Structure formats: C-alpha cells, structure tokens
Amino acid sequence: MPELPEVETIVRTLRPRVVGSRILEARYLSPLAAGHQPEWMAAQLAGRAIVDLRRAGKFLVFELDQGFLSVHLRMTGKLLFDAVPGPFARAVLSLDAGTLVFDDVRQFGRFLWSPALPSNVERLGPEPFELQPSEFALRLRARRGHVKPLLLNQQFLGGLGNIYVDEALFRAAIHPLAVASRVSTRRAQLLHASVVEVLSEAIAAGGSSISDYVDAEGRAGSFQRFHRVYGREGEPCLQCGKPIHRIVVGQRGTHFCPACQKR
DNA sequence: ATCTATTCCTGGCTGC
DNA sequence: TGCAGCCAGGAATAGA
C-alpha cells in the first residue's frame with residue numbers, strides 16, 4: 001500500500017522520464033479511475049504538456065500546461081513507465097517520451113484531471129519533513145482523539161498510512177490508543193522525530209513492498225524487511241522479546257508491543 | 001466541531 | 001478439489 005515513502009520513490013523514478021514531455025493520447029480502460037467521466041477526462045489530458053511532477057502527501061500531482069493530473073494509488077495502484085498494459089491497467093497515457101500505465105487491481109485509486117488543484121490536495125496537512133518538532137507537538141496536543149487515527153488523518157499530517165504510523169508509534173514508545181492531548185511535549189517531539197526517521201529510512205530503502213507495491217520501473221522496495229511491528233503479530237518484540245499484538249483501531253489493523261508501548 | 005461507522009473494490013486466503 | 005465467505009484498508013460520505 002503506497003504511503004509517503006512509496007509515492008516519493010515513484011515520483012523520483014518518474015520525474016526525469018516525464019517532465020517536459022507531452023501527452024499525445026489518454027485512454028481510460030475503467031471509468032472508475034476517471035471518477036465516471038472517462039471520455040471528458042481523456043479529452044482534457046490529450047495534448048497537454050507535463051510541466052512538473054511532485055508529491056503532495058500520498059498524491060502524485062502532475063502540473064500540466066493547463067490544469068493538473070492528480071493520482072492517488074490507494075491500496076493497489078501502480079504507475080508504470082514503459083510497461084505493457086496488463087489486465088488491471090485502468091488508464092494509459094501515450095507520451096512523446098514513452099507510455100505511462102496506471103494499473104490498479106482493486107480500483108480504489110484515481111487518475112483525475114482538474115482545472116485547478118483538487119480540494120483534497122489543497123486540504124492536506126503539513127508534510128512531516130517541513131514541520132518543526134515544536135509545531136508538531138503543539139498540533140498534536142491540541143487534539144482530543146487517539147494518536148493513531150489522528151496520524152492517519154491527512155488533514156492533520158500529509159502522507160502517513162497504516163504501516164508507518166504503527167512503526168513510528170513503536171519507535172516513540174507510544175500506545176496507538178494514547179490520547180493526543182495527554183502526550184507530553186517531550187514525547188510528542190520524540191514522535192515527530194520517529195516519523196521523520198522511519199520515513200527517511202523507508203525512502204532510502206525504496207519503500208515497503210508487502211504485496212503489490214513497485215516503483216515506476218517495476219522495482220520492489222525493501223523496507224518491509226525492517227518493519228519492527230507491522231505484520232509481526234505474535235512474533236517477538238525486537239526490543240523486549242514479548243509477542244507483538246494486533247488490535248483494531250479505527251477499523252485498521254494495528255500492531256504494537258504492549259510492553260514497550262504503555263497506554 | 002469532532003469523532004465513528006459505512007461504503008467502495010477484488011485477488012488471495014481460510015475452512016468446510 | 002471446489003467454492004463460499006471473509007480479509008486487506010485510504011478516504012469520501014453519512015450519521016452521532
């Protein structure tokens with residue numbers, strides 16, 4: 001499931017291939033990918049030049065000479081450069097520089113043109129790397145809910161998903177059900193440092209490949225080998241040796257060490 | 001204003 | 001071996 005490190009890896013592999021190129025033709029193979037208006041979207045994309053490509057939270061934002069192409073990969077989405085469209089290809093851009101395939105088995109992902117930056121991109125919270133620890137602590141402590149759902153809230157902080165939230169909370173020794181306003185300033189700053197650390201390490205490893213994720217060149221990441229809690233239910237905690245627990249928090253599978261992460 | 005539950009999707013896995 | 005039923009979960013939406 002692509003989160004900030006995976007999307008960042010895709011952007012880095014894709015940017016030199018597509019920025020400066022032109023879209024010759026756009027085709028949607030599934031209307032869902034276009035939000036049920038495939039013909040109109042395809043017509044808007046055709047002929048556009050790609051001026052820039054950047055990441056915003058978990059979105060890939062292609063800045064065009066007219067409007068934007070915003071892509072969200074959700075669970076199983078992939079953006080593949082110069083790949084042959086497979087059975088799960090949902091959209092294909094023919095560029096003068098090559099072919100860009102949007103592949104998505106489960107069809108949660110979106111590949112949308114809009115005249116202005118979409119509101120869900122506009123509303124994104126700050127990027128973890130651009131936030132000072134003190135600002136992060138202030139924002140966190142101003143909220144009354146549980147920390148895990150808050151970290152998953154894209155309006156609070158842009159880019160974290162289920163894997164990296166569990167990993168960051170473990171590193172900061174914070175229970176996923178801890179109440180945000182009751183986390184000490186010191187520990188909130190430690191949490192920010194843990195978020196930045198785990199995201200940086202994951203980017204350096206090319207992201208985590210659990211089942212579907214690959215970058216734009218089709219390469220898997222390797223950070224899944226360094227997960228300390230995610231997907232390790234029943235296995236010994238790397239810090240204390242007691243078994244990792246899995247609970248459900250906000251309808252999400254949540255992995256933590258009850259001994260190291262006290263509530 | 002804030003938080004919680006539901007919905008969308010389908011390949012792969014579990015269990016009978 | 002076959003198949004029904006469940007599971008994964010990000011984010012929009014509806015409801016409390």
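Computed from a prediction, not measured in an experiment: that's the story for all the values here. Chain A is the first sequence line, chain B the second, and so forth, proteins listed ahead of strands; every chain is numbered from 1. Note: hydrogens, waters and symmetry copies are ignored here, and every other heavy atom, side chains too, is used.
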Would you list the atom pairs, donor with acceptor, under 3.5 Å between side chains in residues 114-121 of chain A and any protein atom, with sequence neighbours excluded?
residue	atom	partner	partner atom	Å
A/Ser114	OG	A/Ala116	O	2.7

Most 5' of A/Arg110 and A/His146 on DNA chain B, judged by nearest nucleotide: A/His146
By side-chain hydrogen bond (donor to acceptor under 3.5 Å, both in side chains) - contacts of A/Gln37 (at least two apart): none
Parallel, tilted or perpendicular, as decided by the 30° and 60° cut-offs, for the rings of A/Phe111 and A/Phe102: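 Judged by the thresholds at 30° and 60°, the geometry between A/Phe102 and A/Phe111 is parallel.
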Touch class at under 4.0 angstrom, heavy-atom based, for A/Ile210 against every strand present: nothing
Would you tabulate the pairs of protein nitrogen or oxygen atoms and nucleotide nitrogen or oxygen atoms of nucleotides 14-16 of chain C closer than 3.5 angstrom?
none

Six-ring centre of A/Phe108, A/Arg106 cation under 6.0 angstrom, axis tolerance 45°: yes
Cation-aromatic face contact A/Arg139/A/Phe156, 6.0 Å, 45 degrees: yes
Could you list the donor-acceptor pairs under 3.5 angstrom formed between side-chain atoms of residues 174-185 of chain A and any protein atom two or more places apart in sequence or on another chain?
residue	atom	partner	partner atom	Å
A/His175	ND1	A/Leu177	N	2.9
A/Ser184	OG	A/Arg187	N	3.0
A/Thr185	OG1	A/Arg141	NE	3.1

Summary of protein contacts for nucleotides 4-11 of chain C, nucleotide by nucleotide, where a base hit scores B, a sugar-phosphate-only hit scores S (4.0 Å, heavy atoms): ----BBBB
Contact boundaries on DNA chain B for chain A, cut-off under 4.0 Å to non-hydrogen atoms: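 From 5' to 3', the first and last contacting nucleotides are B/dC3 to B/dG11.
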Derivation and outcome, side-chain contact (heavy atoms from CB on, under 4.5 Å), residues A/Ile163 and A/Phe223: CA-CA 11 Å; A/Ile163 294 173; A/Phe223 195 67; over 6 Å; no
Residues A/Arg17 and A/Glu217 bridged, charged N to O under 4.0 Å: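 A/Glu217 and A/Arg17: salt-bridged.
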salt_bridge(A/Glu127, A/Arg55) N-O dist < 4.0 Å: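 Looking at A/Glu127 and A/Arg55, the cut-off is met.
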Side-chain H-bond candidate by donor/acceptor type, A/Thr76 with A/Tyr213, under 3.5 Å: no
